[in-house]
Novice: 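Quick one: the structure is below, and I'll ask about it shortly.
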Amino acid sequence: MRLRFMLILMLIIGSLSFSPKPAAAQTSLCFADVPGISNCISGRFLSYWQQNGGLAVFGYPLSPAQSETTANGTFTTQYFERQRFELHPELAAPYDVLLGRLGAEIYERNHGNWRNSPKTNPSTQGCLVFNETGRSVCEPFLSYWVNHGLLDGSLNAYEQSLSLLGLPLTEPRLEQNPDGDWVMTQWFERARLEDHSAKGVLLGRLGAELKPQPAPSYPSEITALVDAINRQRSQAGLSSLTINSTLNQAAQIHSDDMARNNFFEHTGSDGSNAGQRMQRVGYTWRAWAENLAAGYTDAQAIIDAWMQSPGHRANILYADVSEIGVGIARNPNSEYQIYWTVNFGAR
């Protein structure tokens, strides 16, 4: 059967409206008996982890050692439940492994500049005052800070605590942690200390909170089409579009509808338009556009045809959108057999 090739477009600009069991030699430590922990610790990170408190201080490894660009540069990093290790081979041991300033990073991400956090008159009775930040550390956090530090014999006790936990950034205050518990909390450069009453002072799981999530994977047909669209945008001096899973869902709903019900147009079988379908799946847009194609099996052929159509071209080069979703559906018993929906959006 010879397929006909069809294109259709629509553009609507919305108004702003337990103990670890090694599974390998000492050069590598794995945790095969711990559910959910699939990463191992090896090399310099392993020796640093073991020498400075291990599981009790840093927790289990949550990522492999991998290259990462942070606010301070590109390093080999590894995330643990409570910290991020950074490898700096240009520095002499023990300073070739540095701890991330996760307390500062997460506080500023969630609450803004720590310097603007409420300040009380620095306490001196039974407290330790840090002139660098203008904050004081009192009980029960003071005992924890004093008694926990990097086990580096070249540092005095104060320097060891400072290296592990950092300076205090806030005064203690009642906060709800990510587990939903309301606890007295104090933020430090590299830690968040939480007073859990009978359980004592515990470290927040900052490494788990900040660990980068793996990039989602998409079928090659989708990535090929998005890449082709982004090449056209780049040639026009426009920013690339990012795949949005919610827009993917909206686009897939319409492609499935067309393939199942053997029609080819922007209005769905229920009378909906693309903007309504986006809103139904939870995408709150301020602008959107939609391109459709049917009968094409190759992403580049679709782009070539769309760029010859003024309306489709305008959607691809629409400067006000920043995200994209793609849906592809097949039905060998339908007129065009394969249906493509591309949703463009901005929030």
Novice: One pair to check against side chain to side chain contact (heavy atoms under 4.5 Å, CB included): Thr76 and Glu86. What are the steps and the verdict?
Specialist: CA-CA 6 Å; Thr76 297; Glu86 300 174 359; over 6 Å; no

Novice: Under 3.5 Å, is there a donor on one side chain and an acceptor on the other for Tyr79 and Glu68?
Specialist: yes

Novice: Using every non-hydrogen atom in the two residues, find where Thr246 and Gly282 come nearest and quote the distance to one decimal.
Specialist: CG2-C, 4.1 Å

Novice: Mind telling me whether Phe264 and Tyr339 have parallel, tilted or perpendicular rings, with 30° and 60° as the class edges?
Specialist: tilted

Novice: Is a side-chain N or O of Asp96 found less than 3.5 angstrom from the main chain of Pro89, in a donor-acceptor match?
Specialist: no

Novice: Looking at His196 and Met184, would you say the former's side chain and the latter's main chain have a donor-acceptor pair under 3.5 Å?
Specialist: no

Novice: For the atom pair CG (Leu98) and OG1 (Thr77), what is the distance rounded to the nearest 0.5 Å?
Specialist: 12.5 Å

Novice: Strictly distance-based, threshold 3.5 Å: is any side-chain N or O of Arg277 a donor or acceptor partner for the main-chain N or O of Ser272?
Specialist: yes

Novice: Would you say the ring centroid of Tyr107 lies under 6.0 angstrom from that of Trp114?
Specialist: no

Novice: Quick check against the 3.5 Å criterion: does Asp257 have a side-chain atom that pairs as donor or acceptor with the backbone of Ile253?
Specialist: no

Novice: State, without any angle test, whether Gln300 and Asp304 hold a side-chain donor-acceptor pair at a distance under 3.5 Å.
Specialist: yes

Novice: Measure the spacing between CD1 of Ile316 and CD1 of Ile324 and express it to the nearest 0.5 Å.
Specialist: 8.5 Å

Novice: Is the closest side-chain heavy-atom distance between Trp49 and Leu29 below 4.5 Å?
Specialist: yes

Novice: Measure from the side-chain N and O atoms of Thr341 to the backbone N and O of Gly327, and report whether any donor-acceptor pair falls under 3.5 Å.
Specialist: no

Novice: Check whether any side-chain heavy atom of Glu323 lies under 4.5 Å from a side-chain heavy atom of Tyr283, and answer yes or no.
Specialist: yes

Novice: Tell me whether Val281 is reachable from Leu292 by hopping between hydrophobic residues (I, L, V, M, F, W, Y) whose side-chain heavy atoms are closer than 4.5 Å.
Specialist: no

Novice: Between Glu209 and Arg192 (salt bridge meaning N to carboxylate O under 4.0 Å), is one present in this structure?
Specialist: yes

Novice: Step by step, would you call Ser143 with Glu139 a side-chain hydrogen bond (donor to acceptor under 3.5 Å, both in side chains)?
Specialist: CA-CA 6 Å; Ser143 291; Glu139 294 299 344; 2.8 Å; yes

Novice: Side chain of Gln276, backbone of Asn273: donor and acceptor closer than 3.5 Å?
Specialist: yes

Novice: Under 4.5 Å between any side-chain heavy atoms of Leu169 and Phe188, yes or no?
Specialist: no

Novice: Can you tell whether the side chains of Arg205 and Asp179 come within less than 4.0 Å, N to carboxylate O?
Specialist: no

Novice: Quick check, are the ring centers of Phe85 and Phe80 under 6.0 angstrom apart?
Specialist: yes

Novice: If I compare all heavy atoms of Arg173 with all of Ser117, which pair ends up nearest, and what's the gap?
Specialist: NH1-CB, 4.0 Å

Novice: For Gln160 and Asn156, test the side chains for any donor-to-acceptor distance below 3.5 angstrom and give the result as yes or no.
Specialist: no

Novice: In terms of relative ring orientation, are Phe31 and Tyr60 parallel, tilted or perpendicular, with 30° and 60° separating the classes?
Specialist: perpendicular

Novice: Go through Trp182 and Asn177 one step at a time and tell me if the side chain to side chain contact (heavy atoms under 4.5 Å, CB included) criterion holds.
Specialist: CA-CA 6 Å; Trp182 285 95; Asn177 67 17; over 6 Å; no

Novice: Without swapping roles, check the side chain of Gln176 against the backbone of Gly180 for a donor-acceptor pair under 3.5 Å.
Specialist: yes

Novice: Ring centres under 6.0 Å, that's the criterion: do His88 and Phe75 meet it?
Specialist: yes

Novice: Side chains of Leu142 and Val146: does their closest heavy-atom pair fall under 4.5 Å?
Specialist: yes

Novice: With rounding to the nearest 0.5 Å, note down the distance linking CZ in Arg115 to CZ in Arg135.
Specialist: 9.5 Å

Novice: Side chains of Arg84 and Leu99: does their closest heavy-atom pair fall under 4.5 Å?
Specialist: no

Novice: May I ask you to check whether Trp145 and Tyr158 place their ring centers less than 6.0 Å from one another?
Specialist: yes

Novice: Kindly say whether Ser334 contributes a backbone atom to a donor-acceptor pair with the side chain of Asn262 at under 3.5 angstrom?
Specialist: no

Novice: Which is it for Asp195 and Val183 under the side chain to side chain contact (heavy atoms under 4.5 Å, CB included) test, yes or no, and what are the steps along the way?
Specialist: CA-CA 6 Å; Asp195 181 12; Val183 289; 5.7 Å; no

Novice: Could you report the tightest heavy-atom contact between His111 and Glu175, atom names first, then the distance?
Specialist: NE2-OE1, 4.2 Å

Novice: Answer yes or no: does atom CZ of Arg44 have more than 12 heavy-atom neighbours from other residues, nucleotides or ligands under 6.0 Å?
Specialist: yes

Novice: Using the rule that two of Ile, Leu, Val, Met, Phe, Trp, Tyr join whenever any of their side-chain heavy atoms come within less than 4.5 Å, decide whether Leu238 and Trp306 are in one cluster.
Specialist: yes

Novice: Any side-chain donor paired with an acceptor under 3.5 Å for Gln337 and Asn331?
Specialist: no

Novice: Using the rule that Ile, Leu, Val, Met, Phe, Trp and Tyr join whenever any side-chain heavy atoms are under 4.5 Å apart, tell me whether Val34 and Phe58 fall into a single cluster.
Specialist: yes

Novice: Between Trp288 and Tyr318 (judged by ring centroids, cut-off 6.0 Å), do the two rings come close enough to count as a pair?
Specialist: no

Novice: Hey, what do you get for CD (Gln78) to CD1 (Ile41), rounding to the nearest 0.5 Å?
Specialist: 6.0 Å

Novice: Using a 3.5 Å distance criterion without hydrogens, assess whether the side chain of Asn52 forms a donor-acceptor pair with backbone atoms of Leu150.
Specialist: no

Novice: If you define the side chain from C-beta out and look only at heavy atoms, does anything of Met278 sit under 4.5 Å from Asn343?
Specialist: yes

Novice: For the atom pair CZ (Arg280) and CG (Asp270), what is the distance rounded to the nearest 0.5 Å?
Specialist: 4.5 Å

Novice: Tell me the closest heavy-atom pair linking Ala236 and Leu317, and the distance in Å.
Specialist: CB-CD2, 4.0 Å

Novice: To the nearest 0.5 angstrom, please state how far the CH2 atom of Trp340 sits from the OG1 atom of Thr297.
Specialist: 7.5 Å

Novice: Is there a side-chain contact between Ser161 and His148 (heavy atoms, below 4.5 Å)?
Specialist: no

Novice: So, Gln249 versus Ser245: side-chain donor-acceptor pair below 3.5 Å or not?
Specialist: no

Novice: Taking the side chain as every heavy atom from C-beta outward, state whether Leu167 and Leu162 have any atom pair closer than 4.5 Å.
Specialist: yes

Novice: I'd like to know if the side chain of Gln83 reaches the main chain of Arg190, judged simply by a donor and an acceptor atom lying under 3.5 Å from each other, with no hydrogens or angles considered.
Specialist: yes

Novice: For Ala224, check side-chain contact (heavy atoms from CB on, under 4.5 Å) against everything at least two apart and list the hits.
Specialist: Ala299

Novice: Apply the test side chain to side chain contact (heavy atoms under 4.5 Å, CB included) to residues Val326 and Tyr218: give CA-CA distance (whole Å), side-chain angles for both, the deciding distance (0.1 Å), then the verdict.
Specialist: CA-CA 10 Å; Val326 181; Tyr218 300 102; over 6 Å; no

Novice: Is it true that Leu102 and Leu202 fall in one hydrophobic cluster, defined by side-chain heavy atoms closer than 4.5 Å?
Specialist: no

Novice: If you look at every heavy atom in Thr223 and Ser220, which pair is closest and at what distance?
Specialist: OG1-O, 3.1 Å

Novice: Would you name the heavy atoms of Phe130 and Val137 that are closest together and state the gap between them?
Specialist: CE1-CG2, 3.5 Å

